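This one's a predicted model, so the numbers in the text were calculated from it and none came from an experiment. In what follows, every heavy atom counts, from backbone to side chain, and hydrogens, waters and symmetry copies are set aside.
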Amino acid sequence: MPRLSEVTAALDALWPPERAEGWDAVGTVCGEPDAEVSRVLFAVDPVQEIAHEAVKLGADLLVTHHPLYLRGTTTVAASHFKGRVVHTLIKNDVALHVAHTNADRADPGVSDALAGALDLRVVGPLVPDPTDPEGRRGLGRVCELDHPLTVRELAELAAKRLPATAQGIRVAGDPDMLVRTVAVSGGSGDSLFDDVRAAGVDAFLTADLRHHPVSEAREHSPLALLDAAHWATEWPWCELAAAQLDEISDRHGWGLRVHVSKTVTDPWTTHAASAAPTPSGAPN
């Protein structure tokens, strides 16, 4: 069986930490470098429920997309929920490794997995990484559809192919407009509107879209916007990443057992559909 240090070195080769954004916190959070690894669990969020799942599974390593400690901390006391996660993992000999924006920018990366879930054909990165001479790495992806779909049909496809969440898919734009090209970005994407417009696509699928940026984007162009749950847009990467580690394990003869968590850690738990809107002077 490989050592933890060998497995994390392989993961860092897939998603080099130096390619993460400067504000990010990626890499190994806890774990003994010389410990043997036989079972690995991939998940989006390093929350307590996932830590318990890793323990129950008998995993030696938990790999998550989101960091546990994105900002600095002075304590891992179990009186705080993040500290409880650390205690749970360490007491049960489970290491934690994070690949966040370094996985977003990778080739293939988070947005490739999102595009793949919808059978979209990737043309290239939405925001190319200037350090990649081949022009394949970067944030987001510009994609083509094999045949045009209406915005409504594209939203229905996304709702069907992405993991089910309380939010589902929200749409801004003409639901009957035909879509031939679409940009995708796993996770929060409304900071990329300028890049999306520059790409000249018909639609943009991402998550965490806010009122004012969406309103302004709709004033700029007829671009259709599809807003999915943050967790749902990033979960397909777990399957991609697990397959990548499986291939590495086979190549090295490690015999790793690699799993993907099906636990829904999207924080929104239910959705109540509105009745026919009847505005009556509601405040801004």
Worksheet item: If we ignore angles and hydrogens, is there a donor and acceptor under 3.5 Å between the side chains of Thr101 and Asp24?
Response: yes
Discussion item. As an exercise, state the distance from CD of Glu36 to CG of Leu4, rounded to the nearest 0.5 Å.
Written reply: 11.5 Å
Practice prompt. Verify whether one side chain among Thr131 and Arg19 offers a donor that lies under 3.5 Å from an acceptor in the other.
Written response: no
Discussion item. Under a 3.5 Å threshold, yes or no: a donor from one side chain and an acceptor from the other, between Glu6 and His252?
Written reply: no
Practice prompt. Before giving the answer on salt bridge (charged side-chain N to carboxylate O under 4.0 Å, His left out), spell out for Glu247 and Arg251 the whole-Å C-alpha distance, their side-chain angles and the decisive distance to 0.1 Å.
Written response: CA-CA 6 Å; Glu247 190 277 328; Arg251 189 178 348 127; 2.7 Å; yes
Item to complete: Mind checking the OG1-CG spacing from Thr233 to Leu226? Nearest 0.5 Å is all I need.
Response: 12.0 Å
Worksheet item: Under 3.5 Å, is there a donor-acceptor pair linking the side chains of Gln48 and His52?
Response: yes
Worksheet item: Just wondering, are more than 12 heavy atoms of other shown residues or ligands nearer than 6.0 Å to NZ in Lys262?
Response: yes
Item to complete: Would you check, one step at a time, whether the test side chain to side chain contact (heavy atoms under 4.5 Å, CB included) holds for Trp235 with Val264?
Response: CA-CA 9 Å; Trp235 183 85; Val264 178; over 6 Å; no
Practice prompt. Assign the ring pair Trp237 / His65 to parallel, tilted or perpendicular, where the plane angle (0 to 90°) is split at 30° and 60°.
Written response: tilted
Worksheet entry | Separation of Leu154 CG from Arg152 CZ (nearest 0.5 Å) | 12.0 Å
Practice prompt. State plainly whether the residues Arg161 and Asp119 are in salt-bridge range, i.e. N to O under 4.0 Å.
Written response: yes
Worksheet item: Minimum heavy-atom separation for Leu240 to Pro108, with atom names?
Response: CD2-CB, 4.0 Å
Worksheet item: For Glu134, does the CD atom have more than 12 heavy-atom neighbours from other residues, nucleotides or ligands under 6.0 Å away?
Response: no
Worksheet item: Would you say the side-chain atoms of Ser249 pair up with the backbone N or O of Leu256, donor to acceptor, closer than 3.5 Å?
Response: yes
Worksheet item: Nearest 0.5 Å, what's the CZ-CD distance between Arg180 and Glu144?
Response: 11.5 Å
Worksheet entry | side chain to side chain contact (heavy atoms under 4.5 Å, CB included) between Val40 and His259, intermediate numbers included | CA-CA 6 Å; Val40 182; His259 306 262; over 6 Å; no
Practice prompt. Kindly check if the number of other-residue, nucleotide or ligand heavy atoms within 6.0 Å of CZ (Arg136) is above 12?
Written response: no
Discussion item. Test your reading of the model: is there a side-chain donor-acceptor pair from Asp202 to the backbone of Thr181, 3.5 Å cut-off?
Written reply: yes
Worksheet item: Can a donor-acceptor pair be found between the side chains of Thr263 and Glu49 at a distance below 3.5 Å?
Response: no
